[in-house]
Amino acid sequence: MDLSYTADEQRFRAEVRGFLQTNLPQDLRDKVLGGKHLGREDFVGWHRILHQRGWSTPNWPKDFGGPGWNAVEQHIFDEECADAGAPPLMPFGIRMVAPVLMAFGSRAQQDRFLPRIRSGEHWWCQGYSEPGSGSDLASLRMRAERRDDVYVCNGQKTWTTAAQHADWIFCLVRTDPTRRQQQGISFLLIDMKSPGVTVRPIVTLDGDAEVNEVWFEDVEVPVDNRVGEENQGWTYAKYLLGHERTGNAGVGMCKRWLKAVKRIAAEQRAGGRPLIEDARFRDRIAQVEIELMALEVTHMRVLAMELKKQAPGPEASILKVQGSEIQQTLTELMMHALGPQALPFQPAALDAGYTGALSGPEWAVPITGRYLNHRKASIYAGSNEIQRNIIAKHMLGL
Amino acid sequence: MNFDFSEEQNQLREALVRLLDRGYEFARRKQIVASDAGWSRDIWRQLAELGALAIRLPEAHGGAAGTAIDTLVVMEALGRRIVVEPYVPAIILGAGLVSRAGSDAQRTRLLPRVASGEQLLALAHDEADTRYELARIATRARPDGTGYVLDGQKTVVLGGGAADTLIVSARTAGEPGEPIGVSLFLVDTHAAGVRRHSYATHDDHRAADVTLTGVKVAGDALLGPAGGGLPLVEHAIEQGIAAVCAEALGVMAILVDLTASYVKTRKQFGVPIGQFQVLQHRLADMLMRVEQARSMTYLAATTVDSSDAALRRRITAAAKAMVGQAARFVGQQAIQLHGGIGVTDEAPVSHYFKRLTLIGMTFGDADHHLARYSDLMARGPTPAPRA
Ligand SMILES: Cc1cc2nc3c(=O)[nH]c(=O)nc-3n(C[C@H](O)[C@H](O)[C@H](O)COP(=O)(O)OP(=O)(O)OC[C@H]3O[C@@H](n4cnc5c(N)ncnc54)[C@H](O)[C@@H]3O)c2cc1C
């Protein structure tokens with residue numbers, strides 16, 4: 001065993017860093033590091049830049065046009081991108097639907113969709129959850145009735161992240177209502193421009209609009225857009241969830257936030273001295289730094305195991321729980337570092353180029369909202385209670 | 001010992017609950033916070049009519065000469081409806097300071113109008129470097145004839161935008177961090193040289209940054225002894241701590257209620273999610289934290305009017321530490337147990353969570369007060385509360 005980076009891995013890191021230095025536009029970097037709102041163009045623009053270098057799909061094997069990186073390389077790439085202030089890659093295409101298409105899609109579906117995910121032409125969103133089906137996803141009710149060569153879809157999805165930007169949505173739908181739960185579900189790819197699709201925003205507690213309700217009224221979906229077998233969708237859905245959870249560790253982003261906490265604590269003053277000199281506050285930072293250090297290694301271990309087995313196992317749940325809790329701790333520490341300056345709510349100042357009046361320093365503006373918003377991290381992608389159930393059942397046999 | 005509220009206190013609570021049940025349902029609150037001012041003069045007038053604004057004021061100035069237990073009753077009721085009107089800054093901090101430190105003339109001029117709801121006060125103390133260390137004040141007051149000239153910058157002044165009169169702390173002597181030399185001044189918000197930038201806070205309350213540039217005040221604007229303002233501010237903040245702890249009790253009680261009823265009705269896997277033992281235990285933990293917080297808040301309320309500054313300091317630190325920790329746990333778990341609904345603007349639970357979070361950050365967070373308590377503990381045994 002050797003946990004140090006090899007010379008090759010260090011060379012790779014230098015290559016990624018060099019690329020980011022020359023290719024990540026400064027204004028985009030400033031937006032990301034300043035916690036400003038990012039629009040569709042910001043995400044897509046960056047995706048295209050990466051695509052030109054062949055790096056827009058860091059988790060893809062070479063066979064499908066990906067870079068074919070191993071676990072360590074993927075980790076290095078993620079860490080360098082986050083550190084440089086690159087916008088996160090939207091996971092719905094590259095990390096969710098793509099692995100399903102590679103494993104279970106038809107050749108025609110692979111040829112049609114994968115290159116467009118890679119290039120950034122298609123923005124995807126995830127249509128799993130429904131109002132009555134969150135943790136108990138298999139109870140979902142959105143109906144798809146087969147009529148000749150189309151499915152006629154009716155129902156509602158909810159909490160759909162970034163649906164307002166999406167070109168396509170992958171949905172779990174019920175194709176056989178007579179069969180119980182997991183059995184009558186199919187996996188459909190639906191064009192968001194289809195007649196009968198309506199998107200309504202849901203405002204989150206920090207005032208943001210990142211999630212939506214998506215309604216389907218007699219939406220016709222070609223049978224060719226079904227992935228795999230009819231009524232076998234649950235198998236594909238679960239495969240995808242594993243990938244989603246692995247991707248949720250967010251180690252790179254956490255490392256950037258950890259740096260931010262330290263910077264804030266060095267700038268803020270308490271009792272006439274930098275806050276970082278307060279041993280109690282510093283201990284809290286030290287504690288989360290140690291947890292993150294461990295998660296970084298756990299993450300690479302799980303990724304490496306996954307690449308060998310070709311599928312994520314229940315270990316992905318460990319990453320989801322630990323990663324989300326570390327994210328929440330970091331957002332909370334940033335807020336506490338601000339002290340009384342955590343109170344002002346200044347959403348207008350989250351737009352790049354804001355020049356109006358401000359209370360406190362501009363960098364402090366996004367911090368409290370981020371804490372409030374990140375309560376979501378222990379809820380989405382399968383709540384942390386559900387992850388613990390999975391660990392208990394599948395890793396401990398309870 | 002006696003844990004009962006008086007007949008009058010029970011009546012006050014009932015009257016407040018009736019008023020807020022009628023005039024402060026969640027939808028109405030939404031309209032109020034969306035208005036330009038961000039709070040309702042109408043509600044303020046009704047609170048005045050109930051006597052809630054005057055409850056602590058001296059009888060000679062139209063008050064009921066009540067105690068911190070009366071404040072507790074009011075604040076808990078306000079917390080249950082997450083009321084955004086500036087009761088803590090205007091009444092607890094502002095009017096409290098004038099009652100305790102004001103000259104007869106100052107009290108006569110201000111307090112009857114506070115009681116009737118026409119005069120709003122706020123305490124402009126914090127500055128960019130203050131954090132929670134009250135002595136770290138750099139604003140200066142220079143003698144000028146019989147009066148003073150004030151220069152400095154105050155940040156996140158709660159209720160500062162609504163206030164008619166600010167109580168501004170400024171140095172007549174000493175350097176930032178030194179306990180001696182801070183004086184308090186009554187400053188009209190429309191005086192020349194006062195500039196305010198007003199904004200909302202994350203919990204839909206309002207605050208302001210205040211810039212004072214060569215603000216001239218007369219000699220009778222001095223509130224309390226010259227150079228001896230800091231102990232007054234400290235006592236005011238202790239009263240503030242007792243008040244927001246009581247408010248937190250109201251907020252947390254609602255969060256426990258909302259969450260317990262939610263898990264009884266929300267079904268997943270064919271059963272109400274409240275049947276999952278892990279959620280039952282979580283709610284049991286929430287309830288226990290609230291009860292512990294309630295006990296500390298009662299202790300704070302029965303201590304904070306004491307003339308024993310060491311005792312007040314100790315107990316309010318303990319109360320804010322414990323209530324802050326409870327607020328964090330109860331708020332976070334209320335959201336968690338609601339699932340996705342919990343993080344939406346539409347759900348009341350997220351608004352209660354936000355208020356609770358900001359109470360945690362007001363007048364010192366739990367870590368700050370734990371540290372304060374720990375330092376005081378190291379210096380000597382806990383003083384016993386006296387009757
Ligand atoms: C910001 C955000 C973005 C999201 N994005 C998407 C998206 O893009 N696409 C998508 O399909 N979905 C998305 N989701 C939905 C997310 O996956 C669900 O919110 C999640 O699965 C929980 O479901 P629920 O909200 O219905 O909560 P519920 O399932 O009702 O859970 C409520 C509470 O009960 C607990 N609970 C439930 N069952 C059990 C059990 N068996 N044992 C113990 N505890 C239990 C939960 O842990 C939770 O604390 C998003 C959610 C959020 C908040």
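Every chain is numbered from 1 and lettered A, B, ... according to where its sequence line falls, protein lines coming before strand lines.
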message: Quick check on the interface: out of Lys354(B), Glu346(B), His197(B), who has the most heavy-atom pairs with chain A under 4.5 Å?
response: His197(B)

task: Could you tell me which of His205(B), His368(B), Gln332(B) has the largest number of non-hydrogen atom pairs under 4.5 Å with chain A?
output: Gln332(B)

message: So for Leu343(A), is it side chain, backbone, both, or neither that comes closer than 4.5 Å to the heavy atoms of chain B?
response: both

message: More than 12 heavy atoms of other residues, nucleotides or ligands under 6.0 Å from NZ of Lys30(B): yes or no?
response: yes

- prompt: Among Ala200(B), Ala347(B), Ala135(B), which has the most heavy-atom pairs under 4.5 Å with chain A?
  reply: Ala200(B)

message: Is Arg280(A) close to chain B through its backbone or its side chain, or both, or neither, when contacts mean heavy atoms under 4.5 Å?
response: side chain

Most chain A-contacting option - heavy-atom pairs closer than 4.5 Å, from Arg131(B), Glu133(B), Lys267(B): Arg131(B)

- request: Would you mind telling me which of Ala207(B), Gly342(B), Ala128(B), Gly339(B) has the largest number of heavy-atom pairs within less than 4.5 Å of chain A?
  value: Gly339(B)

message: Please tell me whether Gln268(B) and Ser139(A) have a donor and an acceptor in their side chains that are separated by less than 3.5 angstrom.
response: no

Contacting moiety of Thr130(B), where chain A heavy atoms sit under 4.5 Å: neither

query: Taking the side chain as C-beta and beyond, is there a heavy-atom pair between Thr316(B) and Tyr373(B) under 4.5 Å?
result: no

message: Which atoms of Ala337(A) are under 4.5 Å from chain B, going by heavy atoms: the side chain, the backbone, both sets, or neither?
response: backbone

- request: Name the option with the most non-hydrogen atom pairs under 4.5 Å to chain A; the candidates are Phe269(B), Phe353(B), Phe363(B).
  value: Phe269(B)

query: Between Glu127(B) and Thr139(B), does any side-chain donor sit less than 3.5 Å from a side-chain acceptor?
result: yes

query: Are there more than 12 heavy atoms of other residues, nucleotides or ligands under 6.0 Å from atom CD of Glu325(A)?
result: yes

Interchain contact, Leu158(B) with chain A, by part (heavy-atom threshold 4.5 Å): side chain

task: Check whether Asp126(B) gets within reach of chain A through its side chain, its backbone, both or neither, counting any heavy atom under 4.5 Å.
output: side chain

query: So, Asp206(A) and Tyr371(A): side-chain donor and acceptor under 3.5 Å apart, yes or no?
result: no

- prompt: Should the heavy atoms of other residues, nucleotides or ligands under 6.0 Å from CZ of Arg284(A) be counted, would the total exceed 12?
  reply: no

message: Looking at Arg282(A), I'd like to know if its CZ atom is crowded, meaning that more than 12 non-hydrogen atoms belonging to other residues, nucleotides or ligands lie closer than 6.0 Å.
response: yes

query: In terms of heavy-atom pairs under 4.5 Å, which option from Lys376(A), Arg388(A), Met335(A) contacts chain B the most?
result: Met335(A)

Residue selection (most heavy-atom pairs with chain B, distance under 4.5 Å) from Pro340(A), Ala357(A), Ala270(A), Gly272(A): Pro340(A)

statement: In terms of heavy-atom pairs under 4.5 Å with chain B, the winner among His336(A), Gln181(A), Gln341(A), Arg269(A) is His336(A)

query: Is it the side chain or the backbone of His202(B) that comes within 4.5 Å of chain A heavy atoms, both, or neither?
result: both

task: Side-chain contact test, heavy atoms from C-beta onward, threshold under 4.5 Å: evaluate it for Val343(B) versus Asn373(A) and give yes or no.
output: no

task: Examine whether an atom of Thr344(B) lies under 4.5 Å from a heavy atom of chain A, and if so say whether it belongs to the side chain, the backbone or both; otherwise answer neither.
output: both

- request: Check whether any side-chain N or O of Gln387(A) sits under 3.5 Å from a backbone N or O of Ile318(A) as a donor-acceptor pair, and report yes or no.
  value: no

message: Check this for me: Arg195(B), atom CZ, are more than 12 non-hydrogen atoms of other residues, nucleotides or ligands nearer than 6.0 Å?
response: no

query: What part of Ala371(B) is in contact with chain A, defined as an atom under 4.5 angstrom from a non-hydrogen atom: side chain, backbone, both or neither?
result: both

- request: Identify which part of Ser129(A) has an atom lying under 4.5 Å from any heavy atom of chain B, answering side chain, backbone, both or neither.
  value: neither

- prompt: Tyr132(B) versus chain A, heavy atoms under 4.5 Å apart: side chain, backbone, both or neither?
  reply: side chain

Greatest number of heavy atom pairs closer than 4.5 Å to chain B - which of Ser378(A), Ser383(A), Gly207(A), Gly360(A): Ser378(A)

- request: List the steps, then state whether side chain to side chain contact (heavy atoms under 4.5 Å, CB included) holds for Glu267(A) with Trp363(A).
  value: CA-CA 12 Å; Glu267(A) 275 180 36; Trp363(A) 55 259; 3.3 Å; yes

- prompt: Should His125(B) and Ile237(B) be marked as a side chain to side chain contact (heavy atoms under 4.5 Å, CB included) after you check the CA-CA gap, both sets of side-chain angles, and the distance that decides it?
  reply: CA-CA 10 Å; His125(B) 181 74; Ile237(B) 299 296; 5.9 Å; no

- prompt: Side chains of Thr161(A) and Tyr380(A): closer than 4.5 Å at any heavy-atom pair?
  reply: no

field: Which portion of Leu275(A) sits near chain B, non-hydrogen atoms under 4.5 angstrom
entry: side chain

Residue Gln328(A) versus chain B: region with a heavy atom under 4.5 Å: neither

message: Please rank Pro361(A), Gly134(A), Ala138(A) by heavy-atom pairs under 4.5 Å with chain B and give me the top one.
response: Gly134(A)

message: Does any backbone or side-chain atom of Arg266(B) lie under 4.5 Å from a heavy atom of chain A? Answer side chain, backbone, both or neither.
response: side chain

query: Hey, is the main chain of Ile202(A) close enough, under 3.5 Å, to the side chain of Glu213(A) for a donor-acceptor pair?
result: no

